[in-house]
A.B. asks: 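Let me give you the structure first, and then I'll get to my questions.
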2 protein chains.
Amino acid sequence: MRLVVARCQVDYAGRLTAHLPPATRVIMVKADGSVLVHSDGGSYKPLNWMSPPCTLREGVADDGVVEWTVSAAKSDDTLRIRLEEVLHDSAHELGVDPGLRKDGVEKHLQELLAEHTTTLGAGLTLVRREHMTAIGPVDLLCRDTGGAAVAVEIKRRGDIDGVEQLTRYLELMNRDPALRPVRGIFAAQEIKPQARVLAGDRGIECVVVDYDALRGIDDPSLRLF
Amino acid sequence: MRLVVARCQVDYAGRLTAHLPPATRVIMVKADGSVLVHSDGGSYKPLNWMSPPCTLREGVADDGVVEWTVSAAKSDDTLRIRLEEVLHDSAHELGVDPGLRKDGVEKHLQELLAEHTTTLGAGLTLVRREHMTAIGPVDLLCRDTGGAAVAVEIKRRGDIDGVEQLTRYLELMNRDPALRPVRGIFAAQEIKPQARVLAGDRGIECVVVDYDALRGIDDPSLRLF
DNA sequence: CCATAAATGTCGATT
DNA sequence: AATCGACGTTTATGG
């Protein structure tokens with residue numbers, strides 16, 4: 001890992017073209033050759049970058065300024081960095097990273113809801129998780145007290161896309177005489193207004209689920225701090 | 001901007017929980033308090049991070065190890081970094097960045113296609129760009145040689161979402177007696193097979209557009225290098 | 001300020 | 001390798 005702080009100008013040409021006027025920035029060159037140009041604000045996204053696999057070639061422009069040309073290996077994407085004034089330049093041996101362990105995403109929410117289907121509606125019972133259809137798996141297939149099938153789509157954030165997805169499943173499942181009629185439930189920690197409206201128009205019920213309550217907010221073993 | 005290279009352990013708790021075992025990494029602390037933890041590989045996304053607005057508090061753990069606690073201002077997201085061994089620590093004044101200029105995204109593609117509607121189909125003429133409907137603007141509204149309305153949805157990458165979007169517009173527009181019948185064209189630089197199949201099923205025509213050809217690939221003033 | 005759509009999205013899983 | 005869906009998405013844009 002090489003860290004450079006420099007007054008620089010950057011140009012990118014690839015899927016789009018982009019230009020950064022001269023200013024002082026941090027340039028990160030990773031062991032795999034990838035390059036990140038960061039400013040002192042914004043969030044984790046660099047102003048400009050080149051993803052691996054790529055190669056860095058150091059050269060000198062016509063006016064004598066040091067210039068890096070970073071070229072992608074598979075496409076003709078190119079990043080050109082003019083280093084007008086280098087304020088810091090250091091290299092560091094980092095080694096291979098053991099990587100990140102995650103917990104708490106949609107899969108976990110699905111597991112919890114599968115075990116607590118009544119959260120979605122009184123009397124609902126689970127038939128199976130990941131019920132397969134021709135166009136993909138439905139998160140939960142349930143039956144209500146009347147024995148009718150209920151397809152459940154689970155999202156962390158209930159967006160319009162999720163409603164469309166569930167609509168496609170329902171359309172398909174309702175062609176199956178063995179299942180018909182199938183109604184839909186759209187379950188999420190948060191449901192966007194537009195998604196709610198579309199769901200209503202499609203006769204799909206919306207349920208907002210409380211992840212922390214399901215997980216058991218009082219269980220101290222699940223809290224890090 | 002502060003740059004720290006250190007053997008560290010990181011824990012995040014917020015919308016999910018995540019853990020990084022001890023290893024040497026680069027930690028970037030930006031002027032706005034945001035923190036990025038980078039390894040020596042991967043792409044531009046940090047292993048862990050905290051977005052602004054947030055505050056960094058430096059403390060010492062029970063075992064004497066220096067520990068940073070970064071807390072988000074608006075949520076209770078927390079990032080905890082145990083600095084087991086600091087190999088490098090430097091601070092740099094960067095100043096405000098003038099920002100990025102971009103060119104070549106969807107809007108530009110839409111401008112180009114608006115001026116060259118025949119690329120989408122022989123005899124097509126433009127009625128207007130950004131034709132407003134109750135659920136949002138249709139990229140292009142055209143008429144064909146027979147005078148029938150044609151709604152065009154433009155994407156850089158033609159995905160299933162875009163087909164769904166156009167479908168919603170068409171459904172709505174076909175309820176309008178003044179426009180009916182309206183057919184659809186899905187235009188993109190690249191169209192995914194699944195999107196193509198769905199479009200076919202909906203009676204929507206797919207057109208792959210060559211951005212470079214439209215822009216005029218031979219115009220040297222548009223080439224950076 | 002809230003809501004939605006785009007992104008040089010990135011990332012992981014699965015075909 | 002290609003495709004698909006999720007993401008602590010982030011970021012820009014319009015109401």
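We use all heavy atoms of the structure for the numbers below, so side chains are in, but hydrogens, waters and symmetry mates are not. Throughout, a chain's letter reflects where its sequence line sits, starting with A, and its residues are numbered from 1. Because the structure is predicted, anything quoted here is derived from the model rather than measured.
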A.B. asks: Could you work out which one of C/dA5, D/dG8, C/dT10 sits closest to the side chain of B/Arg15?
C.D. replies: D/dG8
A.B. asks: Could you tell me whether a side-chain N or O of A/Lys30 sits under 3.5 Å from a main-chain N or O of B/Gly41, the two making a donor and an acceptor?
C.D. replies: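 Indeed, once roles are kept as given, a pair shorter than 3.5 Å links the two residues.
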A.B. asks: Return the value, rounded to whole Å, for the distance between atom CD of B/Glu164 and atom P of C/dA6.
C.D. replies: 14 Å
A.B. asks: Tabulate atom names and distances for all N/O pairs under 3.5 angstrom spanning the protein and nucleotides 1-4 of chain C.
C.D. replies:
{"residue": "C/dT4", "atom": "OP1", "partner": "A/Gln194", "partner atom": "N", "Å": "3.0"}

A.B. asks: If you check every side-chain atom of B/Gln165, which of C/dT8, C/dT10, C/dA6 has the closest atom?
C.D. replies: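 Of all the options, the side chain of B/Gln165 is nearest to C/dA6.
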A.B. asks: State which residues pass salt bridge (charged side-chain N to carboxylate O under 4.0 Å, His left out) with A/Asp40; sequence neighbours excluded, sorted by chain then number.
C.D. replies: none
A.B. asks: Among all residues two or more places apart in sequence or in another chain, which pass the side chain to side chain donor-acceptor pair (under 3.5 Å) test with B/Thr133?
C.D. replies: none
A.B. asks: B/Arg128: which residues meet the salt bridge (charged side-chain N to carboxylate O under 4.0 Å, His left out) condition with it, sequence neighbours left out?
C.D. replies: none
A.B. asks: I want to verify a distance call: between C/dT8, C/dA6, D/dA1, whose nearest atom is closest to the A/Lys74 side chain?
C.D. replies: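 Closest of the options to the side chain of A/Lys74: D/dA1.
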A.B. asks: I'd like to know if the side chain of A/Thr119 and the backbone of A/His116 have a donor-acceptor N/O pair within less than 3.5 Å.
C.D. replies: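 Yes; at least one donor-acceptor contact below 3.5 Å.
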A.B. asks: Could you pull out all residues at least two apart from B/Glu111 that satisfy salt bridge (charged side-chain N to carboxylate O under 4.0 Å, His left out)?
C.D. replies: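 B/Glu111: no salt bridge (charged side-chain N to carboxylate O under 4.0 Å, His left out) contacts found.
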A.B. asks: Think B/Lys45 has a side-chain N or O under 4.0 angstrom from the OP1 or OP2 of D/dC7?
C.D. replies: no
A.B. asks: Hey, which sits more toward the 5' end of DNA chain C by its nearest nucleotide, B/Ile154 or B/Gly42?
C.D. replies: B/Ile154
A.B. asks: Rounded to the nearest angstrom, tell me the gap between atom CE in B/Met132 and atom P in D/dG15.
C.D. replies: 6 Å
A.B. asks: Using a cut-off of 4.0 Å on non-hydrogen atoms, how would the nucleic acid contact of A/Met50 be classed: base, sugar-phosphate, or nothing?
C.D. replies: nothing
A.B. asks: Given C/dT10, D/dG8, D/dT11, identify the nucleotide with an atom nearest to the side chain of B/Ser51.
C.D. replies: D/dG8
A.B. asks: Is the ring pair A/Tyr44/B/Tyr44 parallel, tilted or perpendicular, if the boundaries are 30 and 60 degrees?
C.D. replies: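 Taking B/Tyr44 first and then A/Tyr44, their aromatic rings sit tilted (interplane angle of 30° to 60°).
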A.B. asks: Measuring only the C1' atom in each nucleotide, how far is D/dG8 from C/dT14? A whole number of Å is fine.
C.D. replies: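 The answer is 24 Å between these two C1' atoms.
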A.B. asks: In whole Å, what is the span from the CG atom of B/Leu100 to the P atom of D/dA12?
C.D. replies: 8 Å
A.B. asks: Given atom CZ of B/Arg157 and atom C1' of D/dA2, what is their separation to the nearest angstrom?
C.D. replies: 12 Å
A.B. asks: Rounded to whole angstrom units, what separation is found between the CG atom of A/Leu47 and the C1' atom of D/dA12?
C.D. replies: 15 Å
A.B. asks: My understanding is that only residues two or more places apart in sequence, or in another chain, count here; which of them pass salt bridge (charged side-chain N to carboxylate O under 4.0 Å, His left out) with A/Arg183?
C.D. replies: A/Asp144, A/Glu205
A.B. asks: Closest to the B/Trp49 side chain: D/dT10, C/dT10, C/dA6?
C.D. replies: D/dT10
A.B. asks: Take the protein atom CG of A/Leu20 and the nucleotide atom P of C/dT8, then report the distance between them rounded to whole Å.
C.D. replies: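 The distance from CG of A/Leu20 to P of C/dT8 comes to 13 Å, rounded to the nearest Å.
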A.B. asks: How many whole angstroms separate atom CG of A/Asp161 from atom C1' of C/dA7?
C.D. replies: 14 Å
A.B. asks: Starting at the 5' end of DNA chain C and moving along, which residue's nearest nucleotide shows up first, B/Ser43 or B/Arg168?
C.D. replies: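 Upstream on the strand: B/Arg168.
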A.B. asks: Given atom OH of B/Tyr12 and atom P of D/dC7, what is their separation to the nearest angstrom?
C.D. replies: 12 Å
A.B. asks: Side chain of A/Ile160: nearest nucleotide among C/dT8, C/dA5, D/dG8?
C.D. replies: C/dA5
A.B. asks: With centres under 5.5 Å and planes under 30°, do A/Tyr44 and D/dT10 count as stacked?
C.D. replies: no
